[in-house]
Every structure is written in structure tokens, then in C-alpha cells.
Amino acid sequence: MSEIGPVFERCREEKRAAFIPYLTGGDPDLETSGRLLEALAAGGADLIEIGVPFSDPIADGPVNQRAAARALAAGTSLSAVLDLVARYRDKLGVPMVLFTYFNPILAAGVERFAERAEASGVDGVLCVDLPPEEAASELIPALRARDIDSVFLLAPTSDRRRIQAVARASTGFVYYVSRTGVTGAREELPKPLLKEAKRMRRRLSQPLAVGFGISTPEQVRSVARVADGVVVGSALVRIVEEHASEPGLAERLEAQVRELADALR
Amino acid sequence: MSAANDQPIGYFGSYGGRFVPETLMAPIAELARAYDKLSGKRKFRKRLQSLLRDYAGRPTPLYFAERLSRELGGARIYLKREDLLHTGAHKINNAIGQALLAQSMGKERVIAETGAGQHGVATATAAALLDLSCTVYMGEEDMRRQRLNVERMRLLGAEVVGVDAGSRTLKDAINEALRDWVTNVRTTHYVLGSVLGPDPYPRMVRDFHRVIGDEARRQLRRQAGRWWPDLAIACVGGGSNSIGLFTAFLDNERVRMIGVEAGGSGEELGEHAARFRGGSVGVLHGTRTLVLQDTNGQIAGTHSVSAGLDYPAVGPEHVVLAEEGRVEYTSATDAEAIDAFHRLAATEGILPALESAHAIAEAINRAPGLTAKEIVLINLSGRGDKDVESVLAYDRETGDRGSGAGRQTVPRVGREFE
């Protein structure tokens with residue numbers, strides 16, 4: 001198994017949820033991106049989600065869309081993100097999950113991708129437009145053979161049958177999308193979220209992480225009551241966007257991550 | 001049909017499927033169930049048929065293009081006049097069908113993407129007819145070149161949302177429509193306008209359009225004395241009008257079929273939308289199919305003078321039809337399409353949509369090599385009013401007419417046309 005399971009175990013022992021920050025790999029460029037991964041780890045990330053930039057990110061809101069565009073303009077590819085993981089995964093000692101669309105993996109070749117992911121030290125792969133049904137024939141076996149976790153998503157629209165399918169296919173954790181919609185910070189958490197997350201969690205043996213639209217320490221704390229992990233993405237990506245050219249970017253990001261991670265401690 | 005029985009649901013060979021975010025998985029399963037149930041119901045079929053007949057103007061004529069045939073000096077050319085349908089293109093067949101489906105599912109809102117604007121206009125029309133609220137996503141580049149259709153949609157009560165991401169064309173409009181759908185899926189039905197996207201769209205959109213070929217078959221029998229053409233030609237963007245024409249003839253080995261893609265302005269990636277020439281297997285917008293992309297799996301930009309063909313992926317069923325050798329796929333360049341536009345205007349008094357002009361261009365190439373006993377059936381999928389400005393602009397930029405021009409003098413279309 002990957003290192004993801006042990007992270008959730010450790011957090012459970014500490015009686016807290018895991019903090020999982022997201023950044024788009026290669027945003028604003030590959031070198032800066034590496035320094036930002038260090039900042040995430042230093043700020044208290046238990047697990048890091050790295051986005052693979054894609055030209056047509058249908059599940060992402062404007063902030064992450066722009067991040068993908070910046071990363072692609074800076075020459076980032078799936079291969080470059082894997083290099084980034086290879087350089088920082090062991091150095092930082094924080095497990096890393098790729099958050100990606102399926103087409104870059106398909107273009108690389110599923111087996112070849114899995115080999116490279118293993119060599120780079122990737123702990124888990126979450127493919128946002130690849131439901132378990134479509135992953136069953138190729139991607140899941142390729143990852144499983146290499147002890148890389150395959151993480152699938154659940155959403156408020158997921159019915160009982162889908163919860164079962166995702167529960168069967170997911171390893172490491174299950175990612176619950178807090179709302180019907182795309183990624184991006186929102187002022188308020190959706191009202192039914194806490195109840196819904198509880199409903200999902202009861203049916204899963206894996207840890208449940210909740211993401212999409214979570215941006216403040218208050219929101220992080222409140223989601224942590226029903227989740228094993230809390231993902232914050234766009235709120236951090238926005239910091240990268242707004243301060244990309246400033247020398248204090250990494251410090252600013254680290255401070256923000258610390259504030260969010262501390263909300264769980 | 002191409003989809004064998006042992007295929008998983010929603011696949012044509014190894015193409016198709018349901019590659020969408022989890023939020024949409026239960027809703028598209030529900031959509032597929034609702035469609036399967038409704039399409040078997042007599043009441044639904046009668047309602048659809050009566051709207052297509054009394055409201056949209058079906059059956060559309062099959063027209064023997066005598067002058068064009070004579071000029072080309074080969075086969076007899078018949079045009080299936082989808083351009084004469086209400087709203088000016090075949091798109092209304094599918095829009096009415098899906099709007100009825102949305103209504104029966106209790107959805108109060110429909111959304112659509114549009115490239116040339118024809119599907120957007122058709123959806124806005126069906127929404128007005130059935131009292132559904134309607135939002136249409138359209139790339140800003142397309143809004144510029146298909147301005148007339150933008151105004152038509154707005155007059156029909158639809159909200160038109162410009163998309164300024166990416167190449168600001170059809171692909172980006174679909175991205176934005178999918179984001180809307182993911183957000184509002186409980187109240188909203190996505191009227192996808194081509195044989196693209198996750199199952200059930202490719203088969204559902206095909207079913208709503210197969211009336212084109214079914215009618216043409218009967219009309220050929222009456223007008224030309226036989227049930228089939230020797231050659232059937234249609235343009236292929238996503239591939240809805242072509243599949244609508246081809247489906248009726250797939251079982252008849254005597255019928256050769258050609259799908260015509262946008263050859264654009266050159267051979268390089270980004271200069272055309274010829275997926276069968278430059279594409280490779282990928283996943284885009286929910287379906288596994290041929291996609292124009294770079295080696296890193298990033299979707300390529302495309303170019304075509306015709307907004308409706310300007311898209312980097314093709315409907316999954318077409319890929320199987322190509323692999324089986326059942327349909328041949330070729331392309332016509334911008335210049336050839338513009339020439340064909342002028343040629344049809346001058347010989348038959350018909351302004352074709354630039355999309356359909358690609359099919360005409362292929363016929364212009366092929367017909368002279370055939371005999372007068374042979375029949376070429378072309379799907380004239382839409383009318384060209386929307387393209388008048390684009391054609392004039394193209395002619396201005398290239399100095400009068402596109403390459404290979406000059407076969408005859410062509411009356412200029414006045415600007416008052418818009």
C-alpha cells in the first residue's frame with residue numbers, strides 16, 4: 001500500500017482530520033511550483049494534491065482554469081509534473097496525489113504512465129473525469145500492481161449504487177465533492193453537506209476527504225467534524241495567482257496553509 | 001448496427017463510454033433510462049412526429065440539382081433539403097426531441113452549446129415552444145462570425161453566454177456548458193447538439209436525426225426509382241447530420257458513403273479540424289474517440305472557416321464506421337468550401353451553410369468521375385444566411401474568390417441580406 005493509509009491512521013490517532021492542500025503543478029512555472037510544494041509541507045500539509053494542468057478542465061472553476069492555463073503556457077506537461085513529484089516527494093516526506101483529467105494519461109499510455117508514476121513516488125491518482133466503470137479495465141489494475149492508490153469521487157448526486165461502486169474501486173481514501181458544481185471558493189458551505197458527508201462516510205471503509213469550495217479556517221473546522229480529510233484548493237491557487245511575481249509568495253502561501261492546517265489541530 | 005451486443009453500454013466498438021465527473025454519473029444514467037423509456041412510447045413518438053411535421057416542416061424536400069449535375073457532367077446529384085427546416089438546419093430535429101425529453105423529466109431549464117449558432121437557435125426555439133428557460137454557451141470568436149444567430153437566439157428569449165476561454169470556439173462552449181450542467185444538473189437538461197459526449201447522447205442524437213436518411217430513402221424511391229444512392233455525402237463536425245443521413249443506408253452495401261471534415265487552411269495541427277487525418281485516440285467531453293491533440297494529451301486548437309465544423313473531436317460511432325471501412329472520411333479546405341458555396345448559389349440559387357458547403361465541395365470533386373446513371377445524395381444540412389458575412393470577409397481577404405475559382409461569374413450577395 002502507499003503512504004496514504006498511514007497518514008490517515010496517524011491523524012486518527014491524533015483525533016483530527018488530515019489537511020490536504022491542492023496546487024496546480026507547474027503554476028506559475030515549474031521551478032516556483034517546486035518551492036510552493038515545500039511551502040505546503042512546511043505549513044503543515046498531511047497530504048498534497050498536485051493538479052496536472054489540462055487544456056479543457058471541465059470540472060474546474062475560473063481560478064483553477066487560469067492556473068492550468070498559466071502552467072501550460074510555462075511548458076508544464078504530465079511528464080513534468082511527475083518529475084516535480086520525483087524531486088519533492090521523498091525530500092518533503094509528504095504523500096502526493098495526482099489530481100488529473102484522463103486524457104493526458106491516455107496519451108502517455110496507461111501502463112507507461114503507471115510505471116513513471118511509480119518511479120516518481122506518486123502515492124495516489126485521482127482522475128476527475130474517469131468514473132470507476134471506465135477505470136476498471138486499465139487504470140485501476142495498472143495502479144494496483146504498483147501499490148499506487150486509485151482515489152475516486154463521490155458527489156451529492158451519487159445514489160446508493162454509485163456509492164457502492166466507488167467504495168469498491170477506491171483505495172487510500174474517497175474524495176467527496178461538497179456540492180454539485182466546479183472547483184472554487186464559496187462564501188458558505190452547502191447546507192446539506194454535513195448530513196450528506198455523514199451518510200457517505202457510514203457506507204465507506206476508507207477515509208473520506210471533502211473538497212470543492214472550502215477556503216476558510218472556519219469552513220475547514222466545520223467540515224472536519226464529518227470528514228477524515230479536508231481539501232483546500234482554489235483559495236491557495238488564488239494566492240499563487242495574485243502574488244506570482246512577488247518574492248514573498250512561498251512565505252505567504254506557507255502562512256495561509258499553516259492557518260488552515262492549525263484549524264484542525 | 002455497429003454497436004455489437006456484447007459491448008458495454010454506450011460503446012461503439014472501443015469508442016464512446018461515459019467519461020464524466022461523478023456528479024454527472026447518476027444523472028446521465030437517469031437520462032439514459034428516461035430516453036429509453038420515452039422513445040419506446042407511442043405517445044411521445046406521435047408528439048415528436050407531429051411537431052416535426054407541422055412546426056418544423058418535415059419531410060424536407062429531396063431536390064434533384066439538375067443544373068449542378070449537368071455542369072459537373074457526371075452523376076445525378078440530389079440534395080436533401082434540411083436547410084429548409086424551421087430555423088434553417090437539421091439541428092431542430094434533435095432540439096425538439098431533447099426538449100420534449102427534458103419536459104417529461106420535469107426539468108425546467110435547458111442549456112446548450114453552439115458553434116455556428118444553428119444548434120443554439122434550434123434549442124432556443126424548442127425552449128420557447130415548450131416554455132423552458134434556456135441558456136446557450138457560445139465561443140466569442142463564433143459569436144463574432146455568426147452574429148446573426150446570436151441575435152436570433154436572444155430574440156427567442158434565450159440567454160447567450162459568451163465564452164472567452166481557449167480558442168473561443170465550440171470546444172470551449174462545450175466546456176462551459178458542462179460546467180453549468182455539473183452545477184445545475186438537478187433542474188437542468190443539457191441539450192447536447194451533436195453525436196458527442198457521454199452515453200446516451202451519441203445514440204440519442206443519432207436516433208433523433210435518422211429521419212433524414214429514412215425520408216431520403218423513400219423520396220429517392222419515388223423520384224429516382226430506387227431506394228438508395230450510389231454515393232451519400234455529408235459534412236462531419238461532431239457528426240450529427242452525417243449520421244442522420246448514413247444510418248438509413250448502413251445496411252446497404254451498394255451505398256458508398258463519405259464524411260467530409262474541415263480541412264481548414266493548412267496541414268499543421270491547429271490549422272484544420274480533420275480528426276481522421278491528424279487525430280489520435282483520446283477522451284474529450286465525456287467520450288473516447290479520435291481527438292486532435294499534442295503528444296502530451298493537451299487538446300489542440302482547430303481552424304475552419306465554418307464554425308460548426310471547428311471542433312477537435314468526432315462522434316465515437318464515426319470512428320467505428322471508419323475502422324470498419326463502411327464510411328470514408330475526407331476533408332475539404334476553407335477555399336474549396338467557399339468555392340462550393342458560390343457554385344451552389346450560382347447554379348441552383350441556394351446559399352448553403354458553410355458546413356454543408358464542405359459536402360458540396362466533395363461532390364464537386366467526385367461527381368465528374370461518375371456516370372449519369374449514378375446518384376449522389378448530399379445532405380444539405382443548413383442554409384447559409386448566417387455565413388454571408390464570413391463568405392464576404394473571406395473573399396475580401398483572399399482577393400475576390402478562394403483558390404480554384406473562376407469557373408463562372410458569381411453574383412455577389414448584398415450586405416442587406418443580414
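A, B, ... follow the sequence lines: proteins, then strands. Residue 1 opens every chain.
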Inset, instruction - Please report the closest heavy-atom contact between B:Glu22 and A:Leu153, naming both atoms and the distance. - result: CG-O, 3.2 Å

Inset, instruction - Determine, stepwise, if the pair A:Glu133 / B:Met25 fulfils side chain to side chain contact (heavy atoms under 4.5 Å, CB included). - result: CA-CA 10 Å; A:Glu133 291 89 332; B:Met25 282 301 285; 3.8 Å; yes

Inset, instruction - State whether the number of non-hydrogen atoms from other residues, nucleotides or ligands found under 6.0 Å of B:Glu323 atom CD is greater than 12. - result: yes

Legend entry - Contact summary for B:Thr183 and A:Val182, nearest pair of heavy atoms: OG1-N, 4.1 Å

Legend entry - Sidechain-backbone polar pair: B:Asn175 side chain, A:Ile58 backbone, donor-acceptor under 3.5 Å: no

Legend entry - Over all atoms of both residues, closest heavy-atom pair of A:Ala107 and B:Gly297: CB-CA, 3.4 Å

Inset, instruction - Check the pair A:Asp159 / B:Glu30 against side chain to side chain contact (heavy atoms under 4.5 Å, CB included), numbers first and verdict last. - result: CA-CA 11 Å; A:Asp159 52 25; B:Glu30 186 196 332; over 6 Å; no

Inset, instruction - Please check if atom CZ in A:Arg112 has more than 12 non-hydrogen atoms from other residues, nucleotides or ligands closer than 6.0 Å. - result: no

Legend entry - Test item: B:Arg179 side-chain N/O and A:Pro57 main-chain N/O as donor-acceptor pair under 3.5 Å: yes

Legend entry - Under 4.5 Å from any heavy atom of chain A - which part of B:Leu284: side chain

Legend entry - Per-residue contact mode, B:Arg18 against chain A (heavy atom under 4.5 angstrom): both

Legend entry - Side chain B:Gln298, main chain A:Pro53, donor-acceptor under 3.5 Å: yes

Inset, instruction - Report the option among B:Val291, B:Thr295, B:Val283 that has the most heavy-atom pairs separated by less than 4.5 Å from atoms of chain A. - result: B:Val283

Inset, instruction - For chain B, find its close neighbours in residues 66-89 of chain A: heavy-atom separation under 4.5 Å, sorted by number, or none. - result: A:Leu72, A:Ser77

Inset, instruction - Measure distances from A:Phe102 to the heavy atoms of chain B and classify the residue's part below 4.5 Å as side chain, backbone, both or neither. - result: side chain

Legend entry - B:Thr23 side chain vs A:Thr180 backbone, donor-acceptor pair below 3.5 Å: no

Inset, instruction - Could you look at B:Val20 and say if it's the side chain, the backbone, both or neither that has a heavy atom under 4.5 Å from chain A? - result: backbone

Legend entry - Region of B:Pro21 that comes under 4.5 Å of a non-hydrogen atom in chain A: both

Legend entry - Per-residue contact mode, B:Ser280 against chain A (heavy atom under 4.5 angstrom): neither

